[in-house]
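We number each residue from 1, following the sequence as shown. Bear in mind the structure is a predicted one, so any value in this text is a computation, not a measurement.
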Amino acid sequence: MISAGRLLCLGCLAIGLKSMAQQPVSKADKQPYSLSLTPKLHSTGHSPYSGVYLNHDPNLEIGLSFKYKQMGGFITKNLDFVDVHSPVNYTSIGVYKSFQLSESFKIMPYVGYFFGQSHSFRDDNSDMWSGVVMQLKVNPWLTLDNTALFGNLIKHHTHASVANRVNATALVGKFKLDAYVWYAHSLRAPHFVSASLAITSPDWVITPSISARVQVAMLQQIANKTPEGAIYRGALMSLIIPIDLSTTRD
């Protein structure tokens, strides 16, 4: 059976995809690029992509993302405060290109590399990955995303894996409501399905370039089989602090 740790690693590859997919398409203005640093404190070791809660350890996620016109990239570092050998310790990098096919629909292919760091700077499970995000903006209050991720493309190609996440984001007043469904599968292993509901608070402005928000989520494994070691049902609380490092040019 595929382990929760392997599923977590699969999901961690795309930790920056959702936030960058929701960035508006930049127009020709005085700011030619965007650069942001986003620390996140989490109450639970989790995969934001493949739908696995692994442990109840508090952990830190730091993401740096860059966007220039329709090109972009990111690097993220995750650290488990309790267990330095858990799968929550990793670094992931990726680049993407955004294609705005219509006013309401865009597609973004990604490619990157995942560094498992449970025991060293580059664990044996490290490998190349690719993915694609499709986003449909139904109206100003509702957005639909589908993200497909393919892992273990080179070194572990005989154990290639795929995960797919469908996300509906709705604005309810000043709050954001996210409903997720995940499907994850690895060759020679069962598939797994989970679902989650999350609510995110409005931003609290600290300075013109720094804000903060809180997110609370509940996740449930809903397939007949669940990943070995995964939490069947759990909660997650996150403190998110986006920091805008962009500069505006005259």
Checklist outcome for this item: ring-ring contact (aromatic ring centres under 6.0 Å, His included) filter on F99, not counting sequence neighbours, yields none

Checklist entry - Between L79 and N89, does a side-chain contact (heavy atoms from CB on, under 4.5 Å) hold up when you go through it step by step? => result CA-CA 5 Å; L79 176 65; N89 299 281; 3.3 Å; yes

Checklist entry - Where do T226 and F192 come nearest, in terms of heavy atoms and distance? => result C-CE2, 3.2 Å

Item to check | For N59, all residues meeting side chain to side chain donor-acceptor pair (under 3.5 Å), sequence neighbours excluded | outcome: none

Checklist entry - In chain order, what residues pass the side chain to side chain contact (heavy atoms under 4.5 Å, CB included) check against S120, with sequence neighbours excluded? => result D123

Checklist entry - Among all residues two or more places apart in sequence or in another chain, which pass the side chain to side chain contact (heavy atoms under 4.5 Å, CB included) test with M237? => result S43, V216

Checklist entry - Which residues satisfy the ring-ring contact (aromatic ring centres under 6.0 Å, His included) test with H157, sequence neighbours excluded? => result none

Checklist entry - Where is the tightest heavy-atom contact between Y53 and L236, given as atom of each residue plus distance? => result OH-CB, 3.3 Å

Checklist outcome for this item: Residues joined to Y232 in its hydrophobic cluster, side chain to side chain under 4.5 Å directly or through other members, sorted by chain and number, are none

Item to check | T169-N167 side chain donor-acceptor pair, cut-off 3.5 Å | outcome: yes

Next on the checklist: If the condition is ring-ring contact (aromatic ring centres under 6.0 Å, His included), which residues does H56 pass it with, not counting sequence neighbours?
Outcome noted: none

Checklist entry - When the ring planes of F74 and W129 are compared, do they come out parallel, tilted or perpendicular, using 30° and 60° as the limits? => result tilted

Checklist outcome for this item: Sequence neighbours excluded, the answer for side chain to side chain donor-acceptor pair (under 3.5 Å) partners of D83 is none

Next on the checklist: Applying salt bridge (Lys or Arg N to Asp or Glu O under 4.0 Å), can you list everything that pairs with K155, at least two apart in sequence or on another chain?
Outcome noted: D124

Item to check | Non-neighbouring partners of T44 that pass side chain to side chain donor-acceptor pair (under 3.5 Å), sequence neighbours left out | outcome: none

Checklist outcome for this item: Sorted by chain and residue number, the side chain to side chain donor-acceptor pair (under 3.5 Å) partners of S196 (sequence neighbours excluded) come out as none

Next on the checklist: Ignoring hydrogens, what is the shortest heavy-atom contact between T76 and G63? Give both atom names and the distance.
Outcome noted: CG2-CA, 4.0 Å

Item to check | Apart from V193 itself, residues in the same hydrophobic cluster as defined by side-chain heavy atoms under 4.5 Å | outcome: V181, Y183, I222

Next on the checklist: Please give me the minimum heavy-atom distance between L171 and P140, naming the atom from each residue.
Outcome noted: CD1-O, 3.6 Å

Next on the checklist: For a 4.5 angstrom cut-off between non-hydrogen side-chain atoms, does H156 reach S161?
Outcome noted: no

Item to check | Close side-chain approach of P202 to F175, heavy-atom, < 4.5 Å | outcome: yes

